Structure formats: C-alpha cells, structure tokens
Participant: 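Supplied in structure tokens, the structure appears directly below.
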Amino acid sequence: MTSGTAAQKLNDEVSWDDFDPGAYISHNYLKMQAVDEEIVSRVRDHFSDHFRGGGRVASGIDVGAGPNLYPALAMLPWCDRITLLERSSRNLEYLRGQCADYDRHWDQFWDVLCRDEAYAELDVTPRVRFKEAVQQPEPGSLFDLCADTRRWDLGTMFFVAESITTSIDEFRRGVGCFMSVLNPGAPFAAAFMEHSQGYRVGEVDFPATREIDEAEVETALGDFTQDAKMYRLANPGDLVRDGYTGMILVCGRRKE
Ligand SMILES: C[S@@+](CC[C@H](N)C(=O)[O-])C[C@H]1O[C@@H](n2cnc3c(N)ncnc32)[C@H](O)[C@@H]1O
C-alpha cells in the first residue's frame, strides 16, 4: 500500500468496488516481502502448534480476504472448508478467478508454509485443496458478522478492521465482530497496520484508522482472547507500504 490522503470516512462511505486487485497485488504480493515472510512463518507455526496431531476442523474464515491468498493458504491443512468473506465485487471476482487454479506468484508463500511438514505433506496439491476448501468466496461485511449465527473453528483477518475506516469505534466494532464468530478455543491470527494514514490502490485512496498501536489492538481484542501473542513488525523502510509506522500481528485463541 502506498500512502494516501483519505478524508474522515466510515466504511459505508467508501466505494469498495473501486478497489483494484491487480494494482494491490503488484504493489504488495507479486514478490514476497520480508515482512510477509515473517507473518506467514509466525501464523504457520501458531496453527501448526495448535493442530499438530489432531484432525482437521470443519471450518475456517478469512475476513476481508481481498486479493491476498496467503491467510487461506495458511489454513489449508487444518480445516475442511474456508470462507473467504469480502465486500468488494472486484476482489470477489478476483478470488473466484483464483479458485480453479491460483496464480504462480502465490507459490512463494506456499513454499514458506512448507517449511513445516504438515504443509509439505498435504495429501493433495495446494491448488486442489484450495479449490475444494474455498469453493465460493462469500460477499458480505465484517460488521454483519456480529449478527451471524454461524461459528468458525479457525480465523484470520489481515489488514482489515483498521484499513476500512478512519473511525476508531468502527475499528473496535470490527475486531469484536470477527472474534464473535469464532468458536471457543478457536485459533486465530490478525494483522493490523500501525498508525496508518490511509493508503492508495491504483488511483484511489482508501481510509485507515490512525490511532492503531499495540495498546489499541490489545483493548479491541480485550476479553475475546486467551494465550495471545503480539508481534510488532517494524516498517522495513523500503516503502513497500509507506504511510504507516509498523505492523502488528496477533496470534491467539478465542477465549473458551
Ligand atoms: C487493505 S485490504 C486487505 C486485504 C487482504 N486481507 C490483505 O491481507 O491484503 C482491506 C480489504 O477489506 C475489504 N473490506 C472493506 N470493507 C469491508 C467490510 N465491511 N467487510 C469485509 N471486507 C471489507 C476491502 O475490500 C479489502 O479487500
């Protein structure tokens, strides 16, 4: 993400269908960045430590999936079905297009996951597993999850709650909605941009919540988590995603 100058904006005031998945991928995920390699490694180890020796659970969810497949790839060995929830029609179209045979540049992320044998020894190829697990990305909003009666056994939310609104109240509500649909004890991973000023995708500016730091993430996750570990990943300074001061990754479990 490059920095933008988004005005104060609530989630509903943004035209999410203007989000350009091609531009976003070119900037962030075509060539794996060191920070993403670290995130993928930590999430892999978190899920692997939790599930090793057990069977697969029924369901995982990646909220605000956008044009990023690595959260879903990290869930592949551990759950039968994966819901990719996304609000933008263009991102949904991109995700639908990836289901049959995802693009080669995602292989570098899978290679990092395969440093753990549970991934390396998957019974089918990751493309086959991705296709059978995801089936159909789901149109919808993070905020509607608060009223959703479904529950998932595993969850991820990467750069969403703080990157879809300037409002700290909406950020907190979004984090709560994500956590509310996880079953007790379900492992999760969530990543946040620290002090982001907003970001530009192609020619369009998108909002972010500037106040986000470790204390704010801890407050938002508050009573929902147990065994949570927080990692602060410094801005590598290579301007891959500028206009922010770092990233915050939390790996934990939904409180029993
Ligand atoms: C900064 S992108 C993050 C995408 C991806 N998770 C990643 O790791 O790169 C924010 C994503 O949230 C989506 N989004 C915006 N509002 C949303 C909402 N209310 N519910 C779910 N997704 C939303 C956007 O369309 C976009 O795909």
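Order of appearance sets the numbers: ligands from 1, and atoms from 1 within every ligand. Since this is a predicted model, take the numbers as computed values, not measurements.
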Participant: Are any of the N/O atoms in Ser141 less than 3.5 Å from those in ligand 1?
Facilitator: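 Looking only at distances, the answer is yes, because the N/O contact criterion of under 3.5 Å is met.
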
Participant: Can we say Arg115 and Asp45 salt-bridge, meaning some charged N sits less than 4.0 Å from an Asp/Glu carboxylate O?
Facilitator: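 No, no charged N to carboxylate O under 4.0 Å.
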
Participant: Counting each atom of ligand 1 from 1 as listed, which ones have a heavy atom of Phe159 under 4.0 Å away?
Facilitator: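 Listed by number with element: 1 (C), 2 (S), 3 (C), 8 (O), 10 (C).
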
Participant: Decide whether Asn28 and Gln33 meet the rule of one side-chain donor and one side-chain acceptor closer than 3.5 Å.
Facilitator: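 Their side chains do not contain a donor-acceptor pair, so the 3.5 Å distance test is not met.
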
Participant: Could you see which bit of Phe206 sits under 4.0 Å from ligand 1, with heavy atoms only: side chain, backbone, both or neither?
Facilitator: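 Looking at Phe206 and ligand 1, no heavy atom falls under 4.0 Å.
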
Participant: Is ligand 1 under 4.0 Å from a heavy atom in the side chain of Trp16, in the backbone, in both, or in neither?
Facilitator: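 The answer is the side chain.
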
Participant: Give yes if a backbone or side-chain nitrogen or oxygen of Val63 is under 3.5 Å from a nitrogen or oxygen of ligand 1, and no if not.
Facilitator: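 By distance alone, the answer is no.
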
Participant: Using the rule side chain to side chain contact (heavy atoms under 4.5 Å, CB included), only one of Asp62, Ile61, Asp153 pairs with Met75; which is it?
Facilitator: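 Among Asp62, Ile61, Asp153, the one that satisfies the side chain to side chain contact (heavy atoms under 4.5 Å, CB included) with Met75 is Asp62.
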
Participant: So is Tyr199 touching ligand 1 or not, going by heavy atoms under 4.0 Å?
Facilitator: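 Judged by the 4.0 Å heavy-atom criterion, Tyr199 does count as contacting ligand 1.
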
Participant: Where's the contact between Ala65 and ligand 1, heavy-atom distance under 4.0 Å: side chain, backbone, both or neither?
Facilitator: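 It is the backbone that touches ligand 1; the side chain stays farther off.
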
Participant: For atom 25 (O) of ligand 1, state which one of Glu162, Glu86, Met157 supplies the nearest heavy atom.
Facilitator: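 Selected option, by shortest heavy-atom distance: Glu86.
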
Participant: Does Arg254 qualify as a cation-pi partner of Phe224, given the criterion of NZ or CZ under 6.0 Å from the six-membered ring centre and within 45 degrees of its axis?
Facilitator: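 Arg254 over Phe224 ring: no.
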
Participant: Which ligand 1 atoms does Ile164 reach within 4.0 Å, using its non-hydrogen atoms?
Facilitator: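 The list of qualifying atoms is 12 (O), 14 (N), 15 (C), 16 (N).
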
Participant: Please state whether the rings of Tyr29 and Phe109 are parallel, tilted or perpendicular, taking 30° and 60° as the class boundaries.
Facilitator: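 Geometry flag for Phe109 against Tyr29: perpendicular rings.
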
Participant: Evaluate Ser89 against Asp17 for side chain to side chain donor-acceptor pair (under 3.5 Å), listing each step before the verdict.
Facilitator: CA-CA 5 Å; Ser89 60; Asp17 291 347; 3.0 Å; yes

Participant: With nothing but distance in play, are any N or O atoms of Phe158 less than 3.5 Å from an N or O of ligand 1?
Facilitator: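 Right, the criterion is met.
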
Participant: In ligand 1, which numbered atoms sit nearer than 4.0 Å to a non-hydrogen atom of Tyr24?
Facilitator: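 With Tyr24 as reference, the close atoms of ligand 1 come out as 1 (C), 2 (S), 3 (C), 4 (C), 7 (C), 9 (O).
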
Participant: For the backbone of His105 and the side chain of Gln108, can you confirm whether one donor and one acceptor N or O come within less than 3.5 Å of each other?
Facilitator: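 Yes.
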
Participant: Taking the six-membered ring of Tyr231 as reference, does the NZ or CZ atom of Arg42 fall below 6.0 Å from its centre and within a 45° cone about the axis?
Facilitator: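 Yes, a cation-pi geometry.
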
Participant: Check each heavy atom of Leu142 against ligand 1 and say whether those closer than 4.0 Å belong to the side chain, the backbone, both or neither.
Facilitator: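 The answer is both.
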
